[in-house]
Amino acid sequence: MARPAGRGGSPAAAAGPLSRAHRATTLPVLAFICLVAFESIAVATAMPRAAADLGAVRSYGLAFSSFLTASLLGTVVAGSWADARGPRAPMATGAALFVVGQSVCAAAPTYSALLAGRLLAGLGGGLLVVSIYVVVGSAYPDEVRPRVFGWMSACWVLPGVAGPALAGWMADAVGWRLVFGVVVPVAVLVAAVILPRVAAAAAAHGTPAAPGAPGDARRRVRRGLVVAAGAGALQAGAEDLAGGGTAAVLLTAGGAVAVAAALPGLLPPGALRLARGLPSVVVVRGLFTAAFFGTETFVPLMLVSERGFSLSQAGLVLTGGTLGWFAGTTSQARALDGVPRALLLLAGGSALAVAGALLAALTLTGASGWWVLAAWLLAGFGMGLGVATTSVLTLRLAAPAERGLASSALQLSDNLGCVLGIAVAGGVFAALHAGAGRDQALFGGLYAGLALVALAAGLAGPRAPVPRPPVSCPEPAAGSSTVGGP
C-alpha cells in the first residue's frame, strides 16, 4: 500500500527525512548534530581531569555554564539574522567561532583561558543551533518534523555510546587537551562540505521572510547582551558566594536583575506567566534543561570523587542518558503519535523527576555507581520526550516568516535553563564542597532539588495545547508589519 500523501497532498510532503526530496537538507543537518553531540559528551567526560589539572575543581561548573552563557547571545543574534538573510551566514559564522573556541580550550594554559575558549565556542554553538532549526522549519512539512527530530536524536546515539569511552581514554592516555582539539579539523571539514548544500536546500524549500525593521534586530541584540552579561555575572557571583564577600553578593543580585529585566522582551508575550501555547512551551523547555543538565554536570564528578570511577567508567554511565533520549524522541515521533503532545510533556517531566529522585537516593545510600546508569537512562527518556515535543510545537506554532525568532526564543530558554541549573548547582557545590570522598550528602541534595524542577516542567506541560492562529513573537515595531522576535 502506498504511503499517504502529506497535508499538501504531494509525495514530497509525505517523504521521509532521508528520501530523495529531503536528503540534501537532512544530511548536512545530521552531520552538524553528530559533531556537536561528540563535543558535548566528550567534554563532559574529560572536564573533571581538566579542572583538576588547572587547579579549579571548586569552579568546575563554570566551564559548562560559560559555554551556555555565550550561547544565549548567539541564539538571540541568530534569530533575526537567519530570518532576514537565511541560515547560511549565521551557520558559517557559528562554525568559525566554534572552531576557534575549541582550539583555545585545547591550548589553554590556565582555567581562565579555558573559560575564554568555552565562551567563543558557546557563541558559535548558539548561532549553529538556531540556524539548524530554521532549516528544519522551512524545509519540511509539519507532519515530517517529528521524524526529523527523531533522526537528529539518533545522531547522539553513536557519539553517546562510543564518545564517553573514547574521550575517557584520550584524557587518561594522551591528555584532556586532545578531547577539545580532536573536533577542530573535523568541524572545518564538515563546514566546508555542507554549507553550500544547506544554502541550496534552504533556498529551494524555504519561505521568504518578511522584512523587519533594523531597530528590532538592534533592540534584540542589546537585550541579548544584557541577558548574557547578567547570566555571566550571576554565575561568577554564585561561585564566590561561599566567601561571603560583598562583591559576590552584588554580582549575583545584579546578574539576576539584569536577566529578569531583559528576558521578557526576548520571549513570546505571556511566557513568564505560562500563557497557553508557545509562551508555555518555551518556558517548559527551560525547566527541562535546567533539571537535566544541572544534574548531568555533576554526575561524572560524583562518580569519580565519591565512587572511585575512572573517567572512562564515569563517561559510560552518561551513555544511559543518550540511549534514553533517543528512545524518548523516537517514541514521540512514532509509537506515541496519537497522544496529545501536552501529555507527552507531562510524562517527560515526570520521568525526569523520578530519575532525579532515584539518583539522589542512590547517592545518599552509597549504592554502586553503576546503578546510576539505570537512573540516567530514565532521565534521558524524559528529556527525549520533552525536548523533541517542545521543538515540534514551536515550529508548528510559529508563522513561517518568524521561525528563526521562535527558534531563537526556544533556544534562549533552553540555554538559560542550562545556565541557571548549572549556576545554581555550581554555586551550592562551591559553597559546600568538602573534598573528594566527603561530598556524598551534597551531591544527593543537588539531585533532589533539581528533581523538583523537573516535576515543575511536567506539571506546566498541560498548558501547551496549540491555539489558533499561531502565537506571534513580541515587539511589533512602530509602523512595521513585522512582529519582533522572542
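Hydrogens, waters and symmetry mates are skipped; everything else that's a heavy atom, side chains included, is used. Please read all numbers here as calculations on a predicted model, not as lab measurements.
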Going by side chain to side chain contact (heavy atoms under 4.5 Å, CB included), name the residues that satisfy it together with [X], two or more places apart in sequence or in a different chain.
| X | result |
| --- | --- |
| Leu420 | Leu234, Leu416 |
| Ser350 | Leu346 |
| Ala187 | Leu35, Phe98, Val99 |
| Val282 | Leu267, Pro268, Leu278, Ala409, Ser413 |

Sidechain-backbone polar pair: Ser71 side chain, Phe67 backbone, donor-acceptor under 3.5 Å: yes

Polar side-chain atom of Thr289 near backbone of Gly286 as donor-acceptor pair, under 3.5 Å: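 Indeed, once roles are kept as given, a pair shorter than 3.5 Å links the two residues.
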
For Met91, the option from Val129, Ile132, Leu127 that meets side chain to side chain contact (heavy atoms under 4.5 Å, CB included): Ile132

What pair of heavy atoms forms the shortest contact from [X] to [Y], and how long is it?
| X | Y | value |
| --- | --- | --- |
| Val184 | Ser103 | CG2-OG, 3.6 Å |
| Ala63 | Leu114 | CB-CD2, 4.2 Å |
| Leu73 | Gly224 | CD1-C, 3.8 Å |
| Ala233 | Gly255 | CB-CA, 4.1 Å |
| Pro279 | Pro269 | CG-O, 3.2 Å |
| Gly294 | Ala425 | O-CB, 4.3 Å |

Using a 4.5 Å cut-off on heavy atoms from C-beta on, say whether the side chain of [Y] contacts that of [X].
| X | Y | answer |
| --- | --- | --- |
| Met47 | Pro300 | no |
| Asp414 | Cys418 | yes |
| Trp81 | Thr93 | yes |
| Glu39 | Val179 | no |
| Leu166 | Phe38 | yes |

Spacing of [X] atom [atom1] and [Y] atom [atom2] [to the nearest 0.5 Å]:
| X | Y | atom1 | atom2 | answer |
| --- | --- | --- | --- | --- |
| Leu373 | Leu362 | CG | CG | 11.0 Å |
| Leu115 | Leu120 | CG | CG | 11.5 Å |
| Leu412 | Leu410 | CG | CG | 9.5 Å |

Side chain to side chain donor-acceptor pair (under 3.5 Å) partners for [X], two or more places apart:
| X | value |
| --- | --- |
| Thr297 | none |
| Thr295 | none |
| Gln102 | none |

Stepwise side chain to side chain contact (heavy atoms under 4.5 Å, CB included) test for Leu446 and Val428: CA-CA 8 Å; Leu446 288 177; Val428 173; 3.7 Å; yes

Pairs satisfying salt bridge (charged side-chain N to carboxylate O under 4.0 Å, His left out), at least one member in residues 447-459, at least two apart: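 Checked against salt bridge (charged side-chain N to carboxylate O under 4.0 Å, His left out) - neighbours excluded - no pair reaches residues 447-459.
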
Derivation and outcome, side chain to side chain contact (heavy atoms under 4.5 Å, CB included), residues Leu323 and Phe326: CA-CA 5 Å; Leu323 297 176; Phe326 175 63; 5.8 Å; no

Validation: residues 377-393 side-chain donor-acceptor distances under 3.5 Å, sequence neighbours left out:
residue	atom	partner	partner atom	Å
Thr389	OG1	Leu385	O	2.6
Thr390	OG1	Arg285	NH1	2.8
Thr390	OG1	Gly386	O	2.9
Thr390	OG1	Val387	O	2.9
Ser391	OG	Tyr133	OH	2.8
Ser391	OG	Arg285	NH1	3.1
Ser391	OG	Val387	O	2.9

From CA spacing to verdict: side chain to side chain contact (heavy atoms under 4.5 Å, CB included), Val299, Tyr447: CA-CA 9 Å; Val299 167; Tyr447 301 149; 4.1 Å; yes

Test ring pair (Phe, Tyr, Trp, His ring centres under 6.0 Å) applied to Phe429 and Phe443, step by step: CA-CA 8 Å; Phe429 180 81; Phe443 284 117; 5.6 Å; yes

Distance-only donor-acceptor pairs under 3.5 Å for side chains of residues 257-265, two or more places apart:
none

Set of residues satisfying ring-ring contact (aromatic ring centres under 6.0 Å, His included) with respect to Phe292, sequence neighbours excluded: Trp325, Trp376

